[in-house]
Engineer: 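Structure below; questions to follow.
First the proteins, then the strands, lettered A, B, ... as listed; each starts at 1.
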Protein chains: 2
Amino acid sequence: MTTTPARPRAAGRPGATSHAAIEQAAFGLFAERGFAGTTLDDIAAAVGVGRRTLFRYYRSKNDIPWGQFDRTLDDFRRILGSTAPDLPLWEAVHHGVVRFNEFPGDARPGHRERMELILGTPELQAHSALRYAEWRAVIAEHVADRLAVSPTDLLPTTVGHVSLALALAAYDAWMRDPSRSLAGLVDEAMRGLRAHLAC
Amino acid sequence: MTTTPARPRAAGRPGATSHAAIEQAAFGLFAERGFAGTTLDDIAAAVGVGRRTLFRYYRSKNDIPWGQFDRTLDDFRRILGSTAPDLPLWEAVHHGVVRFNEFPGDARPGHRERMELILGTPELQAHSALRYAEWRAVIAEHVADRLAVSPTDLLPTTVGHVSLALALAAYDAWMRDPSRSLAGLVDEAMRGLRAHLAC
DNA sequence: GGTCGTTGTGGCCACGGGTGCCAATAGCGT
DNA sequence: ACGCTATTGGCACCCGTGGCCACAACGACC
């Protein structure tokens, strides 16, 4: 009889904050005092919430700059899944990576600020390895699917690692030259690699 | 008149332990109770030294499994420097990476144990990103040298990232199948990549 | 063999991230 | 009004890390 709501239904005490509110407060403080110079107490105070509560929204301090990356990975899966199946595999994957890194003009500054923080802070560089592993797995699964092999085989994991390599090289360059487009840099990195390997 | 000793001369109180002793004790405990399950107090007690002293030998707990990687990087630099200058660049780099990962038979078990720990422990996977960056820089410098460009240009950094990608894919496979040779896997990863990119 | 400079040691303390526990809270449906 | 339930947030505690500093042990030199 109940209309079986899609969402599990909202019962119990309402949340005191949101991911968006936390990230906004946190990024403000990071910009002011640096990542290491900002304590979780600072952030909690700025959000107006208990320190303990922060851990209910993010697993760790290091996770805050990444936001809800899980969702982003779902998008990535969808992008790869919608590439033309008759495109050569390497082009499909490359295309997916390029599209994944295309941001609408107004989302740019935010994304850049986020990546500057992540790529410029050693603790975060290290932590990011864990996020990258999830990203690589998405690629490996797509490659394994198209080749009908296991995602843990050498080729799918290799393509995952190499795709990440190109993306990170592009980000490195983007940090040095903000005027370039990220997608263009990923493209250029791929062209450079193919020339390097004498394709 | 003094024979101007190469080493700066040993004065002052002698060290109470050594890197080797610490690593041996630490690896034993890690194998027993896991990395996270081993505290620095445990290690210090096992070595018979104050906890504070451990930080004089390693910058952090995470650095213990990596040993003195700086030295290893010096070797790597030497290996790359001694590749034939008439070899195509990509082959020279690839060759260097392969040789860097060739271990004499008796060094194998130790190296494998070390890498199993590093690659199988999330905290260490994350921390390793910092070591990898140094490793990549060695490659980027070599490539930049041979091409007479800056090490921060897109191509050198791309080659650095991609070389690391191949090495890590090979290590992933090695973890799954210890019977394969690491060098052979790096080689196979490269062949797979070139085929993938239709070289 | 005492004194001095040098170098490594290790205890103490403070800070900050992270976790388990649990009582308090605030909406919902009945 | 009452219970149900999800969320909050305080408290205690562990552990890695770094600053500080007194102290130990050696070589050198007188």
Engineer: Measure the distance from CZ on B/Arg13 to P on C/dT9 and round it to the nearest whole Å.
Structural biologist: 7 Å
Engineer: Between A/Asp75 and A/Arg78, is there a side-chain N and carboxylate O pair less than 4.0 Å apart?
Structural biologist: yes
Engineer: Can you tell me the distance, in whole Å, between the NE2 atom of B/His127 and the C1' atom of D/dT17?
Structural biologist: 13 Å
Engineer: Please identify each residue that fulfils ring pair (Phe, Tyr, Trp, His ring centres under 6.0 Å) with B/Phe76, with sequence neighbours left out.
Structural biologist: B/Phe100, B/Trp135
Engineer: Does B/Thr53 put a side-chain nitrogen or oxygen below 4.0 Å from OP1 or OP2 of C/dG10?
Structural biologist: yes
Engineer: C/dC21 C1' sits how many Å from A/Phe55 CZ, rounded?
Structural biologist: 15 Å
Engineer: Give the rounded distance in Å between these two atoms: CG of B/Leu54 and P of D/dG16.
Structural biologist: 10 Å
Engineer: With sequence neighbours left out, what residues match A/Ala20 under side chain to side chain contact (heavy atoms under 4.5 Å, CB included)?
Structural biologist: A/Ser18
Engineer: Can you tell me how far C1' of C/dG16 sits from CD1 of A/Ile64, to the nearest Å?
Structural biologist: 14 Å
Engineer: Could you tell me whether the phosphate oxygens of D/dT7, OP1 or OP2, come under 4.0 Å of any side-chain nitrogen or oxygen in A/Tyr57?
Structural biologist: no
Engineer: Looking at residues at least two apart in the chain, or sitting in another chain, which of them share a side chain to side chain contact (heavy atoms under 4.5 Å, CB included) with B/Arg146?
Structural biologist: B/Leu89, B/Ala92, B/His142
Engineer: What pairs of residues pass the salt bridge (charged side-chain N to carboxylate O under 4.0 Å, His left out) test when at least one of them lies in residues 179-199 of chain A, not counting sequence neighbours?
Structural biologist: A/Arg180-A/Glu188, A/Asp187-A/Arg191
Engineer: Does any residue of residues 27-37 of chain B have a heavy atom under 4.0 Å from DNA chain C, and if so, which ones, in number order?
Structural biologist: none
Engineer: Compare the minimum distances between each of D/dG16, D/dG9, C/dG16 and the side chain of A/Thr39, then state the nucleotide with the smallest one.
Structural biologist: C/dG16
Engineer: For the side chain of A/Arg52, starting at C-beta, report the closest nucleotide among C/dC13, C/dA24, C/dC21.
Structural biologist: C/dC21
Engineer: What residues form a side chain to side chain contact (heavy atoms under 4.5 Å, CB included) with B/Asp172, not counting sequence neighbours?
Structural biologist: A/Arg136, A/His161, B/Arg176
Engineer: Mind calculating the distance between NZ (B/Lys61) and P (D/dG18) to the nearest angstrom?
Structural biologist: 14 Å
Engineer: Which nucleotide, C/dC21, C/dA24, D/dC21, lies nearest any side-chain atom of B/Arg56?
Structural biologist: D/dC21
Engineer: Tell me the interatomic distance from A/Leu40, atom CG, to C/dG18, atom P, rounded to whole angstroms.
Structural biologist: 6 Å
Engineer: What's the spacing between B/Tyr171 OH and B/Leu119 CG if we round to 0.5 Å?
Structural biologist: 8.0 Å
Engineer: Rounded to the Å, how far apart are A/Arg51 CZ and C/dG20 P?
Structural biologist: 14 Å
